[in-house]
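Position 1 is the first residue of the sequence; numbering continues from there.
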Amino acid sequence: MLKGKNADNNSKRIRISELKLKYRILIAIGIFLIGMVLFVINKGMFYAPDDNGNLSLLKKMVVAWFGCFFVISFSVIWNNKLSESVNRVINFNIMMWYPVICFVLVEMTIGTDCDLIVMIFRRLILNISLYMLVFYLFYIITARVRTSVICMTTFTVLFAVANIYLLRFRQIPLIATDFLVVRTALNVAGDYNYTPNVFILVLILYLIMIIVLSSKLKENEPLRKNIPFRISIVVCYMLFFGFMFHLTMRTDYLEVKHIQFNTFRPVKSYCKNGALLTFTKSMRLCMIDKPDGYSEKAVEKLAKKYPSDSVDDFSGNKKPNVIIIMDEAFSDLQSVGSFETNEEVIPFYNSLKENTIKGFTYVSVFGGQTANTEYEFLTGDTKAFLPENSTPYQLYIKEYMPSLTGNMAINGYQGMLALHPYLASGYNRINVYNNFGFSQFLDMEAFDEPKLIRDFISDDSDFDKIIEEYEKCKRESDAPFYVFNVTMQNHSSYDKDYDNLPKTIKITDPNKKNEDAERYLNLVHISDQAFEKLIEYFEKVDEPTIIVMFGDHEPGLSDKFYERIMGKKLDTMTGLENMELYKTAFFIWANYDIEEKYIEKISVNYLQSVMLEAAGLNMTGYNKFLLEMHEKIPVITGNGYIGDDGNFYEIKDKTSPYYELIQKYNMIVYNHLFDAKNRNSFFELRK
């Protein structure tokens, strides 16, 4: 009787097991069918334009898409009944090979076209070793293969997705110093289009697949609880970590093996070296060393040749009001490359001639990192001697630092205003402006019902605020007025239409037509109209006034658009050709007589000195040094420099005829920015 009941129970369990299996099979089939339906509905996402502009199927993404759905479906059905020894072999192979899978996944999805087949072996090994460091860190924390795999996959997906979006928004991948400007990034985060592409969808799907598949893994619990074993893996990890840290951070191994960071196009380094290795290389670039031969006495010897003016040295009748406008992404794009439009983009700027100095100023950044151009203008320093993609506002300016603003205060100016019609928290400006000597910082909260272009305060409302503050100061004092203004209207991205952004400017060449570029050109056209209105106002002002305007960087448009208008692949450009992507338009205009000039090439670090000279204002010894240096080296940026011989040179090129002068400038910049205790007095006017 008992045997019969046992038989019935066994039979019942078998039937339930078979029924569950059938349900799992149905669920698995359903999941796979969902994958097929989603593919058919979104089939267009799996196509992308090739180099000739023709749409081609992303075969790897199709395989990855269906592969993920197949594995998820299989995992639903599969009941891991493998022996303990087989599971142990599986776990061992996961520990060995999963970092390699993560490496391939990142390079396959972030869109840097990294060819793993031709990548040099040492770069492959270094990348994989870095992924191992991350994976094994999760393992020594959790002591679970399953949890480590899920954590590692999450890290991999987040790293890849961050790069995909950053490449979309600014054409620059993730760099270590980006984490120092997170708050600034969050300020403008809502202004971008986050619609996922097929690569992001595949990454998310892959993460789901790993979570489902990992649930089937079985681990050796006694081994996980073995204290000596856990201590041994921690020791091994620390040795491995120490070796990798020393190799990548404390030696010149990467430089010797030509694993460099391309300052013009960081994405090129991602492609050549691999994503995680390039990101790690960017960490090292945050380390600042003293220039060769640097000492307080060496700087003092240099500075003695350039004595600062006294505030009493002014020989004019009245010091002019000084209005400085760094206009967001303002550029004469048609000077960068060749294309025609249906009407003139910046007619007012082009018409400026009388009492005007104008031309092109070269900057260190492309498509973003506004504060770096701001830093170079206000201080006279160059980013040429600082780590690529570092932001001095975030990293280095922690106390009072002599700047144009501080010297204007010494020179008896009032207002001393910083004006930025957006969030004040960006780029640590609140603290930096205080350290530069600004007396007041007006952000978007200071504007009452401003006119918006897209979602940003327009240049027209911004310039009205300048006029309002000028009139307010003049009612209180007759002292000359000073304001430094960073606009916001033209900020990226340019991938959405807005009802309040007219689209009157069109690119007429069908081979170069680009909707993002047209939106940008219309924004600049509106800025040009706002400048005309501002200058018309100050033309009628009785007091002498000088207005300086320059763009902070070129707009972050697609590489393909730039390649089409420049007629050349970006990766094949020379250093001199690449510099064209780092120039913006500028003018210095006065409502009184100044000498008209056209300056074809000047980097932004010289611009304040040129303005002071044009205005006849007192200059520091540093300003005098910069004016003299500009004659020899018209352009110097974080990407290299152009000599008066017309040639392009790398900053560290010891064969350059300008190398000695570059080293002098390097010492001066280091003294100015890093050696506050021994800072030379020639950075400030004499009282």
Side-chain angles (χ1 to χ4, degrees), residues 175 177-178 180-181 183-185 263 285-286 288 324-330 361-408 418-420 422 424-438 441 483-487 548-554 582-584 586 602-612 620 622-623 626 629 635-639 641 651 665-666 668-676 679 683-684:
I175 305 300
T177 51
D178 287 332
L180 298 169
V181 292
R183 189 171 184 178
T184 301
T263 57
L285 295 172
C286 295
I288 308 295
I324 299 165
I325 300 167
M326 188 172 77
D327 203 74
E328 173 65 35
F330 189 92
T361 184
Y362 288 72
V363 299
S364 297
V365 294
F366 173 85
Q369 297 181 312
T370 295
N372 284 321
T373 302
E374 192 174 331
Y375 159 78
E376 289 184 303
F377 176 85
L378 286 172
T379 64
D381 294 350
T382 177
K383 276 205 73 235
F385 312 120
L386 300 179
E388 295 91 333
N389 292 286
S390 64
T391 307
Y393 273 26
Q394 292 282 350
L395 292 170
Y396 312 128
I397 302 170
K398 307 299 182 184
E399 57 186 320
Y400 174 77
M401 180 178 178
S403 68
L404 173 64
T405 302
N407 282 304
M408 297 302 272
L419 174 62
H420 178 47
Y422 203 60
S425 57
Y427 288 113
N428 192 34
R429 283 192 177 102
I430 294 174
N431 295 316
V432 171
Y433 284 166
N434 182 59
N435 290 330
F436 277 172
F438 285 98
F441 179 17
V483 62
F484 177 75
N485 175 211
V486 180
T487 72
V548 182
M549 188 287 300
F550 58 97
D552 57 347
H553 53 69
E554 289 285 344
Y582 293 83
K583 72 178 186 180
T584 69
F586 85 92
I602 182 172
S603 48
V604 73
N605 58 307
Y606 299 126
L607 207 54
Q608 65 154 286
S609 301
V610 172
M611 180 272 292
L612 292 170
T620 66
Y622 191 26
N623 290 131
L626 290 170
M629 183 171 171
V635 172
I636 179 168
T637 71
N639 305 306
Y641 62 94
I651 296 298
Y665 190 24
N666 190 358
I668 289 171
V669 169
Y670 186 89
N671 181 260
H672 191 200
L673 183 58
F674 296 110
D675 196 4
R679 185 179 288 144
F683 296 108
E684 293 184 303

Asker: Could you go step by step and tell me if Glu328 and His553 meet the side chain to side chain contact (heavy atoms under 4.5 Å, CB included) rule?
Answerer: CA-CA 7 Å; Glu328 173 65 35; His553 53 69; 3.2 Å; yes
Asker: Quick check on the 6.0 Å ring-centre criterion: do Tyr622 and Phe683 meet it?
Answerer: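 Yes, ring centres under 6.0 Å apart.
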Asker: Which pair of non-hydrogen atoms, one from Gly551 and one from Val363, has the smallest distance, and what is that distance?
Answerer: O-CG1, 4.2 Å
Asker: May I have the step-by-step check of side chain to side chain contact (heavy atoms under 4.5 Å, CB included) for Ile324 and Phe377, ending in yes or no?
Answerer: CA-CA 10 Å; Ile324 299 165; Phe377 176 85; 3.6 Å; yes
Asker: Indicate yes or no for a side-chain donor-acceptor contact from Glu554 to the backbone of Tyr582 under 3.5 Å, with no hydrogens or angles considered.
Answerer: no
Asker: Indicate yes or no: at least one non-hydrogen side-chain atom of Leu386 is less than 4.5 angstrom from one of Phe674.
Answerer: yes
Asker: I'd like to check Val635 versus Lys583 (side-chain heavy atoms, cut-off strictly below 4.5 Å). Are they in contact?
Answerer: no
Asker: Hey, is the main chain of Val604 close enough, under 3.5 Å, to the side chain of Thr361 for a donor-acceptor pair?
Answerer: yes
Asker: What distance separates Ile325 CD1 from Leu419 CG, expressed to the nearest 0.5 Å?
Answerer: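 Going from CD1 on Ile325 over to CG on Leu419, the span is 9.0 Å.
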Asker: Consider only side-chain N and O atoms of Thr370 and Asp552, and report whether a donor and an acceptor are under 3.5 Å apart.
Answerer: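 Judged by distance alone, the side chains do pair up.
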Asker: Parallel, tilted or perpendicular: which describes the rings of His420 and Tyr422, with under 30° parallel and over 60° perpendicular?
Answerer: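 His420 vs Tyr422 ring planes: perpendicular.
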Asker: Apply the test side chain to side chain contact (heavy atoms under 4.5 Å, CB included) to residues Asn372 and Thr391: give CA-CA distance (whole Å), side-chain angles for both, the deciding distance (0.1 Å), then the verdict.
Answerer: CA-CA 6 Å; Asn372 284 321; Thr391 307; 3.9 Å; yes
Asker: As an exercise, state the distance from CD of Gln369 to OG of Ser364, rounded to the nearest 0.5 Å.
Answerer: 9.5 Å
Asker: Quick check: do Thr584 and Asp327 have side-chain heavy atoms less than 4.5 Å from each other?
Answerer: no
Asker: If we count only N and O atoms by modelled type, under 3.5 Å, do the side chains of Asp381 and Tyr375 hold a donor and an acceptor together?
Answerer: yes
Asker: So, the side chain of Asn407 versus the backbone of Leu404: is there a donor-acceptor pair under 3.5 Å, distance only?
Answerer: no
Asker: Would a distance-only check, ignoring hydrogens and angles, find a side-chain to backbone donor-acceptor pair under 3.5 Å from His672 to Pro402?
Answerer: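 Yes, the answer is positive, given that a donor and an acceptor are paired below the 3.5 Å cut-off.
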Asker: State, with a plain yes or no, whether a side-chain heavy atom of Val610 is found less than 4.5 Å away from one of Phe586.
Answerer: no
Asker: To the nearest 0.5 angstrom, please state how far the CD1 atom of Ile668 sits from the CZ atom of Phe385.
Answerer: 9.5 Å
Asker: For side chain to side chain contact (heavy atoms under 4.5 Å, CB included), just list the numbers for Tyr665 and Asn605, CA-CA rounded to whole Å, side-chain angles, deciding distance to a tenth of an Å, and then say yes or no.
Answerer: CA-CA 12 Å; Tyr665 190 24; Asn605 58 307; 2.9 Å; yes
Asker: Do Val486 and Arg429 come close enough that some side-chain heavy atom pair is under 4.5 Å?
Answerer: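 Yes - at least one pair of side-chain heavy atoms lies under 4.5 Å apart.
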Asker: How long is the span from the CG atom in Leu612 to the CG atom in Leu607, to the nearest 0.5 Å?
Answerer: 10.0 Å
Asker: I need the minimum non-hydrogen distance between Glu399 and Ala676, along with the two atoms involved.
Answerer: OE2-CB, 3.4 Å
Asker: Looking at side-chain heavy atoms only, is the closest gap between Pro392 and Lys383 below 4.5 Å?
Answerer: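 Yes; the side chains approach each other to less than 4.5 Å.
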Asker: Does any non-hydrogen side-chain atom of Thr379 lie less than 4.5 Å from one of Phe436?
Answerer: yes
Asker: Which pair of heavy atoms, one from Ala424 and one from Ile430, lies closest together, and at what distance?
Answerer: O-CG1, 3.6 Å
Asker: How long is the gap from CE on Met408 to CG on Leu378, to the nearest 0.5 Å?
Answerer: 11.0 Å
Asker: Step through it carefully: locate the ring centre of Tyr433, locate the ring centre of Phe441, and say whether they are under 6.0 Å apart.
Answerer: yes
Asker: Any luck finding a side-chain donor-acceptor pair between Glu374 and Tyr393 under 3.5 Å?
Answerer: yes
Asker: For the CG atom of Leu673 and the OH atom of Tyr396, what is their distance to the nearest 0.5 Å?
Answerer: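 The distance works out to 7.5 Å.
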Asker: Can you find a heavy atom in the side chain of Asn435 that is under 4.5 Å from one in the side chain of Lys398?
Answerer: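 Asn435 does not reach Lys398 side chain to side chain.
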Asker: Of all the heavy-atom pairs spanning Asn431 and Asn428, show the shortest one and how long it is.
Answerer: ND2-OD1, 2.8 Å
